[in-house]
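Reviewing the structure listed below.
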Amino acid sequence: MDTSKPAVFVNAELLPMYVGRKVRAVVQVLQSDGVAIKGKSTDDRSLIIKGSLPPFPLSNFVEVIGIVDTNNSIQAEIVTDFGEKFDASTYNRLCQLANGEYKSLFL
């Protein structure tokens with residue numbers, strides 16, 4: 001496992017801090033066409049996931065690992081289906097901790 005460039009835990013609010021860097025985010029799928037996913041981040045903001053993507057059922061949660069393109073989009077490298085039930089508020093809190101007080105534990 002390569003740990004030299006870890007993927008930072010992010011929500012949509014934190015995305016602008018990591019343009020051009022590898023991140024991981026969880027998104028609830030609102031629309032999916034095989035080229036992009038339009039979704040809702042764990043902080044209730046819109047995100048676009050780009051890349052060659054398999055279709056995911058609407059309302060499912062997916063974890064995306066990829067490179068931040070813009071303030072609201074990620075070019076996906078890996079997408080994992082997390083299913084219909086996911087505690088978005090807990091993941092959102094993890095993102096805040098991983099980019100704040102406990103950042104040194106995650107990077």
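Throughout, residue positions are numbered sequentially from 1 according to the sequence presented.
- Side-chain contact between Leu15 and Asn71 is absent, with no heavy atoms from C-beta onward closer than 4.5 Å.
- Residues Leu30 and Ile49 fall into different hydrophobic clusters, defined by Ile, Leu, Val, Met, Phe, Trp and Tyr side chains chained together at heavy-atom separations under 4.5 Å.
- For Asn99 and Tyr18, the side-chain atoms include at least one donor-acceptor pair closer than 3.5 Å.
- A search for side-chain contact (heavy atoms from CB on, under 4.5 Å) contacts involving Ile67 returns Lys22, Glu77, not counting sequence neighbours.
- When all heavy atoms of Ala25 and Ile74 are compared, the pair lying nearest together is CB-CD1, 4.1 Å.
- Taking Ile, Leu, Val, Met, Phe, Trp and Tyr as members and joining any whose side-chain heavy atoms lie under 4.5 Å apart, directly or through other members, Val35 forms no hydrophobic cluster with any other residue.
- For residues 61-70, every residue pair satisfying the side-chain hydrogen bond (donor to acceptor under 3.5 Å, both in side chains) rule, not counting sequence neighbours, is listed here: Arg24-Glu63, Thr70-Asn72, Thr70-Ser73.
- Under the 4.5 Å side-chain contact rule for hydrophobic residues, Val26 and Ile48 do not share a cluster.
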**Asked** Given Phe61 and Phe82, is the ring-ring contact (aromatic ring centres under 6.0 Å, His included) satisfied, shown in steps?
**Response** CA-CA 5 Å; Phe61 290 89; Phe82 277 9; 8.6 Å; no
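- Each salt bridge (charged side-chain N to carboxylate O under 4.0 Å, His left out) pair with one or both residues in residues 28-38, not counting sequence neighbours, would appear here, but there are none.
- Shown here are the side-chain contact (heavy atoms from CB on, under 4.5 Å) partners of Ile78, two or more places apart in sequence or in another chain: Ile65, Thr80.
- No donor-acceptor distance shorter than 3.5 angstrom exists from the side chain of Asn60 to the backbone of Gln28, with no hydrogens or angles considered.
- Partners of Asp81 by salt bridge (charged side-chain N to carboxylate O under 4.0 Å, His left out), not counting sequence neighbours: none found.
- Every side-chain contact (heavy atoms from CB on, under 4.5 Å) that Asp43 has, sequence neighbours left out, goes to Asn11, Ala12, Glu13, Ser41, Arg45, Asn92.
- Nearest heavy atoms, Ala88 versus Thr42: O-CB, 3.4 Å.
- Applying the side-chain hydrogen bond (donor to acceptor under 3.5 Å, both in side chains) criterion to Gln75, with sequence neighbours excluded, gives no partner residue.
- Contact detail for Leu14 and Cys95: the closest heavy-atom pair is CD1-O, 3.7 Å.
- Legend: residues meeting salt bridge (charged side-chain N to carboxylate O under 4.0 Å, His left out) with Asp44, ordered by chain and number and at least two apart, are Lys40.
- Here Glu84 pairs with nothing under the salt bridge (charged side-chain N to carboxylate O under 4.0 Å, His left out) rule; sequence neighbours left out.
- Remark: Ser32 engages Val29, Ile37 in a side-chain contact (heavy atoms from CB on, under 4.5 Å) (not counting sequence neighbours).
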